[in-house]
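Every value quoted in this text rests on a predicted model; they were computed, and no experiment measured them. Chain identifiers are assigned alphabetically (A, B, ...) following the order of the sequence lines, protein sequences preceding nucleic acid strands; residue numbering begins at 1 within each chain.
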Amino acid sequence: MYNKEIDKKWQKVWEEKNCFHATNDSDKEKFYALIEFPYPSGAGLHVGHVRAFMGMEVLSRKKRMEGKNVLFPIGFDAFGLPTENYAIKTGIHPRVVTDNNIATFTKQLKSVGFSFDWDRVIDTTDPNYYKWTQWIFLKLFEHGLAYKDKTYVNYCPNCRVILANEESQGGVCDRCDSQIVQMEKEVWMLKITDYADKLLEGLDEVNFPPRVRHEQENWIGRSYGAEINFKLNNKEDILTVYTTRPDTIFGVTYMAIAPEHPLLEKYKDEIKNYDEILKYKAEATKKSEFERVELSKNKTGVKVDGLEVLNPVSGKVVPLWVTDYVMMGYGTGAIMAVPAHDTRDYDFAKKFNIDMIQVVANSKGEEVSLEDGAYTDIEDGVIINSDFINGMSVEDAKAKIIKYLEDNKIGHSKKNYHMKDWAFARQRYWGEPVPIVKCEKCGLVPLDEKDLPLTLPDVEDFVPGEDGESPLAKVDSWVNTTCPKCGGPAKRETDTMPQWAGSSWYFLRYMDPKNNDALASKEALNYWKSVDCYNGGMEHVTRHLIYSRFWHRFLYDIGVVPTKEPYNKRTTQGLILGPDGDKMSKSKGNVVNPDDIVKQYGADTLRTYILFIGDYGMSAPWSENGVKGAKKFLDRIMRLEALATDEDITSKELDREVNFVIKKVSQDYEDMKYNTAIAAMMSYVNVLYKQNKVSKKYIKPLLQILNPVAPHVTEELWEKLNLGGYIFESKWPTYDESKIVSDEIEIPVQINGTVRYRINIPAQSDEKEIEKIALEAPALKNYIAGKEIKKVIVIKSKIVNIVLG
RNA sequence: GCGGGUAUGGUGGAAUUGGCAGACACGUCGGUCUUAGAAGCCGAUGCCGCGAGGCGUGAAGGUUCAAGUCCUUUUACCCGCACCA
């Protein structure tokens, strides 16, 4: 019987032999398997972690047995709010909280038997690690990709921090689900938009699941259109708009700008209803992003009394409106409104009785009724009411207008992105300090590389200030410093880096985790190159996965790393749901603790069950009975000892079965189809149990292919059967294809598509021979009943279908 | 609104990509062993029907000798994005 003593015995052996250590000076082929390193929360290891890690665990153990030098590292992404909030609540220093949590995680991970390289553990909060996070920041600054800017940022009033766009999707805080508000603040930004095209192009050279690719493309959101300069009527100023439909410019009946648009402030003396506009702006900023979207059907706005806009192509003068359906953060914060062909403009125009001009007709050139809404189904439409572009297709008209704009210097073609620059600041203590000081004379000055790491001061009060002020701001002795350039008085940046900083490059540190002279040596970077397979969750696709690709591509551009993309292949695991089918959560009380399963059933039971639960990429509910089934299977493996014999008994059937299961499991592991791999091994065990005695040669390869899933059980039985050395050192078994095919096979015969009888045929029979056997079968007579055979379809070694009429 | 996914026995899930639907496992039932129970081992188990047979992959159509798989329409649930100009 399998028990947890077996776990302990072999975990001790692995630890003593340090047998999963990867070396940097190997002449073996390398394989780099990566899992998303965990955040060491107080809640400890979750069954979701186990599922996420098991995929790469199985692959790593298999590749080692195949003779590869496997890097399968683990570390901790330990900066972040929960630890800090816990510190605030209890008064325990975040350093201590983090160390305790890491110790717990380490113990738990080891108890599951993961084959991590424990010599390469990294911790993002270790100054020797964040030294290099700060170094990369200095490089970004040096190349103009880190800048300080006063803009509207997402602020979570509950967490009291600024959030990046990626962290506030849906207008809700990633951490606490609070409604975020817009706040004008000067913060550090990273110019990720400069890398938008590179991030899109990079997707062509990696193997990501289509879902992941789509989400990233969607998030980056590139669109092609034009920027057009409209002149304010009788004024010098221009109003620049971005549009993807320059071909509809003759349909513009009004212009609209965001409430935050600077033009309003500039012309406040000439705008007659400025008070009304100010009031509208105040209301708009008060609305959360969520409300703005919810109320999207009911458009609001104020007409700007005193300003009008001149259409530079048609020469028409149209009114200017302020409305919160135009966002300051996208495009130029101003639009040319074409109500006939845009649903939002249509709704607005309907409500405020603004004219509509139809400028695109259907493909037959007929005007369409605008009674029921804007006509947007215009891909194959024809331009009308539009002077020199009349009669053209939409596509041609776009090109012609853009050329006209450029010739007349009133606009140009323009790419736009949904993705915004990365608000790279947290007003918190537990994060990487920004290695920049503000000097009265020299402005923003970077620290010298030799002065890194800039460590966090030891403080006792971690409570953030009321208005988005970091707790570091209270530490005068730390804040006040001297300028590295002029030696005069200077102040340190008191915002820290966001959660995502440390994880944006950690996979590079694993290659050479103790290096003090570089983030990793050139030799290490050139040997390991990039991650061969990276498994993680869908929730990181538009956060960590985008950020780390951005940093990596930047490091490539400045010659630090040898590859453009960090991850060659990305895979994702599905969620493990509670036994009730709901997402596991403390409040629902349906959380399964992996520790309990390991204690009661053993680590291999947990490992086997989690892989057997279903398709690796899909979510599946937890089942205690399923766990018991996995345990039963492992006990059956252990009991093979009683069946095993040293005698050399060869059986054709077992030859076929063993070669088949080696082939099937080897292939399934590569495809991450762990559930069917385990099912195949179960079937094989069922066959073995039908024998009175089984030669060890039929058990040995089974243990080897099961080893990546159940390393403790297989190591134990390997020893008991005296198979020599350790199983983890043994060579992955090969199979003989010729033994898998049998001489004679049975195939079904259908009459009019329904299986009626079966025939035995020599495996190599061709279509004619099979047809002959099928038609000669006595069973056919029962179905013919005077009918005539119209057609016989034979699919070699698969099926026969006889069509009777 | 846009994009992506899922739907198969009492349950979790398989199905070589158009070729035997339900592998494997759970559960249930039966057998064996046992003084007895548990465990183990062996067997049965999609539904209806005594049976021959019929029906069956969310629903409705279609293509095909053959459809879980392809096409059209549709429903439910999940995920991502969302006034993207």
>> Ring centres under 6.0 Å, that's the criterion: do A/Y601 and A/Y609 meet it?
In response: no
> Between A/Y224 and A/K414, is there a donor-acceptor pair closer than 3.5 Å when you use the side chain of the first and the backbone of the second?
Replying inline: no
> Would you say A/F660 has more than 12 foreign heavy atoms packed within less than 6.0 Å of its CZ?
Replying inline: no
> For B/U17, does the O4'-C1'-N9-C4 (purine) or O4'-C1'-N1-C2 (pyrimidine) torsion place it in syn, i.e. within 90° of 0, or in anti?
Replying inline: syn
> How is A/P210 classified with respect to the nucleic acid when contacts are heavy atoms under 4.0 Å: base, sugar-phosphate, or nothing?
Replying inline: nothing
> Is the closest basic N to carboxylate O distance between A/D247 and A/R245 below 4.0 Å?
Replying inline: yes
> Closest to the A/Q750 side chain: B/A85, B/A21, B/G43?
Replying inline: B/A21
>> How many whole angstroms separate atom NZ of A/K398 from atom C1' of B/A85?
In response: 12 Å
>> If you only use heavy atoms from C-beta on, which nucleotide in B/C26, B/C84, B/G19 is closest to the side chain of A/K632?
In response: B/C26
> So which nucleotide from B/A82, B/A25, B/G19 ends up closest to the side chain of A/W219?
Replying inline: B/A82
> What nucleic acid atoms does A/T343 come within less than 4.0 Å of, heavy atoms only: base, sugar-phosphate, or nothing?
Replying inline: nothing
> Hey, do the aromatic rings of A/F348 and A/Y325 have their centres closer than 6.0 Å?
Replying inline: yes
> Would you call A/R570 and A/E36 a salt bridge, taking side-chain N to carboxylate O under 4.0 Å as the test?
Replying inline: yes
>> Side chain of A/N686 only, heavy atoms from C-beta on: which candidate in B/A85, B/C20, B/A25 is closest?
In response: B/A25
> Counting only heavy atoms not in A/N692, do more than 12 fall under 6.0 Å of its CG?
Replying inline: no
> Between A/Y609 and A/Y242, which has a closest nucleotide on RNA chain B that is more 5'?
Replying inline: A/Y609
>> Both atom distances under 3.5 Å, Watson-Crick or G-U wobble: I'd like the secondary structure of RNA chain B as a dot-bracket string, with | for pairs made across strands.
In response: (((((((..(((......[....)))((((((.......))))))(((....)))..(((((..]....))))))))))))....
> Closest to the A/K299 side chain: B/G19, B/A25, B/C83?
Replying inline: B/C83
>> Side chain of A/Y330 only, heavy atoms from C-beta on: which candidate in B/C20, B/C84, B/U16 is closest?
In response: B/C84
>> Counting only side-chain heavy atoms from C-beta out, which of B/A14, B/G12, B/C41 sits nearest to A/R636?
In response: B/C41
